[in-house]
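Have a look at the structure below, then the notes.
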Amino acid sequence: MVEEYDVVIVGSGPAGLAAAEVLGGEVSVCVLDEQPYAGGQLIKQTHKFFGSKEHFAGWRGIDIAEYLIGEVKRRGVELKQQHRVLGYYAEEDLVVAEDENGKLHEIRGKKYLFATGAMENMFVFENNDLPGIFGAGAAQTLMNMYGVKPGTRVVMLGAGNIGLIVSYQMLQAGIDVAMILDASPTIGGYHVHAAKVVRAGVPIRTRYTVKRAIGEDKLEAVEIVKLDENWSPIDGTEEIVEADLLCISIGLSPVIELFAQAGCRIEYVPFLGGYVPVHNKFMKTTNEKIFVAGDASGIEEASTAMVEGKIAALAMLGDLKNVDIEDRIMHEFESLAKLRTGFFGRRPKEGKIQMEKLASKYGL
Amino acid sequence: MNTPWRKDGILDNSVVSKLLPPEELRNSKAYALLECVENIPCDPCTRACPFKAITMEHITDLPQINWDRCTGCALCVMACPGLAIFIIDETTDPAKVTVPYEMLPLPEVGEEVKLLSRRGEVIGKGKVLKLKVSKNKTYAVTVEVPRERVHDVRAIRCIK
């Protein structure tokens with residue numbers, strides 16, 4: 001039996017939940033997510049958010065998740081956890097999801113929002129498969145969701161916001177943070193995140209990288225090396241740093257498999273983090289039934305993901321019901337533009353400008 | 001934009017000195033010091049201040065502080081998502097610094113803690129004078145600091 005909804009959302013992270021909050025009560029909505037808990041990355045984000053009041057500024061991610069989950073449930077949205085979406089089948093116009101017991105469910109929407117998020121990028125070096133080497137987000141999941149300390153002394157590779165924030169959370173969990181390395185000449189994340197860990201005694205070394213991991217059955221030490229201006233290792237600058245944990249935080253890639261399988265056009269936009277589904281400013285893909293929001297549409301922050309989720313939801317609402325969404329959607333466009341101003345917004349802003357050109361090339 | 005802090009995460013004196021209020025004011029009252037130097041989209045400090053001492057026009061502007069209105073109440077210390085606001089009181093000897101704190105264990109009033117610089121170096125010990133907490137669970141811890149280190153101490157670590 002096919003379950004029918006007005007809107008089917010894949011992914012219960014910030015983008016999916018924000019969209020569900022807008023749509024709930026207006027149309028019938030179902031949110032599918034492969035994880036046992038709703039909230040995506042929000043539930044392990046214990047730091048306070050930036051932004052303005054409307055972006056939950058000052059709230060911690062975990063509290064935002066709790067609030068949004070409460071709101072969407074109150075509006076009658078069906079949250080289905082441990083439902084892994086296997087694919088979208090255009091002929092039948094439905095998605096198939098596998099639940100925790102291996103049972104398959106056919107679920108049809110008049111519209112779909114795929115808010116599938118992102119995956120951590122891996123780094124190639126000798127012995128990178130030793131136990132004790134994690135993506136920073138994976139180590140964060142162990143710590144903040146399951147209460148498991150992933151190690152006692154960590155080397156963090158990557159001084160972007162995730163590397164800096166996870167290092168801080170590791171200090172809070174009682175893990176000794178030996179150092180944070182970044183191959184770039186400058187720290188990628190916000191100064192305020194860097195300052196928090198540095199004044200707690202953690203050195204940040206820019207123009208450094210990991211050369212190899214050392215250990216028999218598990219990580220025992222990390223060999224690091226300084227890089228020259230051409231990003232090449234400088235012989236003789238190698239150092240051995242004892243650590244039982246090495247976290248890789250060198251960037252994220254959009255999760256686009258579902259879009260590709262559904263036949264949405266995909267393009268490569270480096271400023272958005274790699275391959276992304278082509279979408280217009282209403283977050284509509286080249287398949288008019290399928291929308292995108294959040295990191296799947298380009299790597300950014302949870303605050304922008306929530307605004308994109310709202311934009312996609314309003315656009316879908318406008319398509320489904322005879323309601324005037326113009327004022328509300330204009331407000332969200334402004335909100336998004338505000339978040340993308342300044343030094344740190346320049347890359348996603350440029351990426352989205354390139355995307356608008358691609359979208360018009362595809363007639364969107 | 002000249003951004004030397006992006007190499008190692010440390011604000012040096014040339015940057016910090018531009019953030020400080022005039023000396024006359026520093027000698028007359030406790031004040032909030034906003035070590036916020038990048039144009040990130042963030043404005044909770046402006047909403048946290050009951051005296052409207054902190055303002056910004058656009059969300060990615062740097063916050064502006066009206067020192068005359070600031071009472072050194074530390075509400076902004078607990079509100080700032082970047083943990084970048086400190087209360088400095090150089091009117092007393094020893095002086096006092098209030099820092100945001102989100103670690104365990106929590107210090108108790110009267111307890112001696114290590115004083116850390118922006119570089120994370122332990123530069124002395126000081127007594128905890130006050131502990132405040134906000135709804136969002138960031139503590140504001142006020143410690144005694146030798147007068148000559150009041151512009152260096154920016155974190156604490158419990159000894160226990």
Side-chain angles (χ1 to χ4, degrees), chain A residues 46-60 62-63 159 161 164 167-169 171-174 177 180 182 184-207 301 303-304 334-346, chain B residues 1 3-11 15 34-48 56 58-62 76 78-86 99-105 114-123 134-138 152-157:
Chain A
T46 55
H47 64 283
K48 292 184 281 189
F49 271 48
F50 298 93
S52 196
K53 196 178 173 189
E54 62 180 307
H55 314 118
F56 297 95
W59 288 47
R60 297 182 190 276
I62 185 169
D63 299 324
N161 276 335
L164 297 172
S167 295
Y168 181 73
Q169 293 173 359
L171 291 171
Q172 289 177 308
V177 183
I180 302 171
D182 202 301
S184 309
T186 54
I187 293 165
Y190 293 167
H191 166 70
V192 290
H193 284 315
K196 286 193 304 195
V197 289
V198 171
R199 66 179 182 250
V202 178
I204 300 179
R205 295 208 202 172
T206 46
R207 281 230 189 276
E301 304 280 334
S303 14
T304 45
E334 278 167 31
S335 174
L336 204 50
K338 272 191 221 166
L339 288 172
R340 286 184 185 142
T341 52
F343 177 77
F344 291 92
R346 72 202 190 284
Chain B
M1 187 172 50
T3 56
W5 59 81
R6 297 195 65 225
K7 266 205 163 77
D8 54 12
I10 299 164
L11 295 185
V15 179
L34 282 52
E35 297 198 358
C36 180
V37 293
E38 287 176 337
N39 298 87
I40 58 177
C42 186
D43 71 4
C45 56
T46 64
R47 291 172 193 272
M56 70 176 67
H58 189 277
I59 187 173
T60 47
D61 289 343
L62 296 183
C76 55
M78 296 179 279
C80 173
L83 309 189
I85 307 183
F86 307 86
V99 300
Y101 188 75
E102 297 185 332
M103 297 287 166
L104 287 173
K114 288 180 186 167
L115 307 175
L116 283 81
S117 70
R118 285 188 194 84
R119 294 175 181 275
E121 296 155 337
V122 177
I123 53 176
S134 63
K135 251 197 320 200
N136 67 21
K137 296 177 188 155
T138 302
D152 302 321
V153 172
R154 288 297 175 269
I156 58 157
R157 187 183 292 152

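Every heavy atom of this structure was used, including side-chain atoms; hydrogens, water molecules and symmetry mates were not. In what follows, chains carry the letters A, B, and so on, assigned in the order in which the sequence lines appear, proteins first and then strands, with residues in each chain numbered from 1.
With a threshold of 4.5 angstrom between heavy atoms, I59(B) approaches chain A through side-chain atoms but not through N, CA, C or O. Heavy atoms of H191(A) lying under 4.5 Å from chain B belong to its backbone as well as its side chain. Residue A195(A) touches chain B through both its backbone and its side chain, counting heavy-atom pairs closer than 4.5 Å. For F49(A), the part lying under 4.5 angstrom from a heavy atom of chain B is the backbone only. Heavy-atom distances place both the backbone and the side chain of T138(B) under 4.5 Å from chain A. No part of C45(B) comes within reach of chain A, as not one of its non-hydrogen atoms sits under 4.5 angstrom from that chain. Only the backbone of R118(B) comes within contact range of chain A, judged by heavy atoms closer than 4.5 Å. In this structure, chain A has a heavy atom under 4.5 Å from the side chain of R157(B), while its backbone stays farther away.
For the set A200(A), A173(A), S184(A), the count of heavy-atom pairs under 4.5 angstrom toward chain B peaks at A200(A). Heavy-atom pairs under 4.5 Å with chain A peak, among C42(B), C36(B), A48(B), at C42(B). Per-residue counts of heavy-atom pairs under 4.5 Å with chain B were compared for H55(A), H193(A), K53(A); the largest is that of K53(A). Highest contact tally toward chain A, considering only C80(B), S134(B), G120(B), is held by G120(B) [criterion: heavy-atom pairs under 4.5 Å]. Listed options L171(A), V192(A), I204(A), V202(A) were ranked by heavy-atom pairs under 4.5 angstrom with chain B; first place goes to V192(A). Among I10(B), T46(B), L11(B), the residue making the largest number of heavy-atom pairs under 4.5 Å with chain A is L11(B).
For K196(A) (side chain) and G82(B) (main-chain N/O), no donor-acceptor pair under 3.5 Å exists by modelled atom type. With hydrogens and angles ignored, the 3.5 Å screen pairs no side-chain donor or acceptor of S52(A) with any backbone N or O of D43(B).
Scanning all heavy atoms of the two residues, the minimum distance from A194(A) to G9(B) falls at CB-CA, 4.1 Å. For the pair I187(A) and D8(B), the tightest heavy-atom approach, listed with the atom from each and the gap, is CD1-C, 3.6 Å.
Contact check for F343(A) versus E38(B): no side-chain heavy atoms found under the 4.5 Å cut-off. In this structure the side chain of Y168(A) reaches within 4.5 angstrom of the side chain of M103(B), judged on heavy atoms. When side chains are defined from C-beta on, F50(A) counts as touching P81(B), because their heavy atoms get closer than 4.5 Å.
Of the inter-residue distances, the one linking K48(A) atom NZ with K137(B) atom NZ reads 12.0 Å to the nearest 0.5 angstrom.
Other residues, nucleotides and ligands contribute over 12 non-hydrogen atoms within 6.0 Å of the CZ atom of R205(A).
In summary, of the residues considered (L83(B), I156(B), V153(B)), a side-chain contact (heavy atoms from CB on, under 4.5 Å) with R199(A) occurs for L83(B) alone.
Ion pairing between R60(A) and E102(B) holds under the 4.0 Å rule for side-chain N and carboxylate O.
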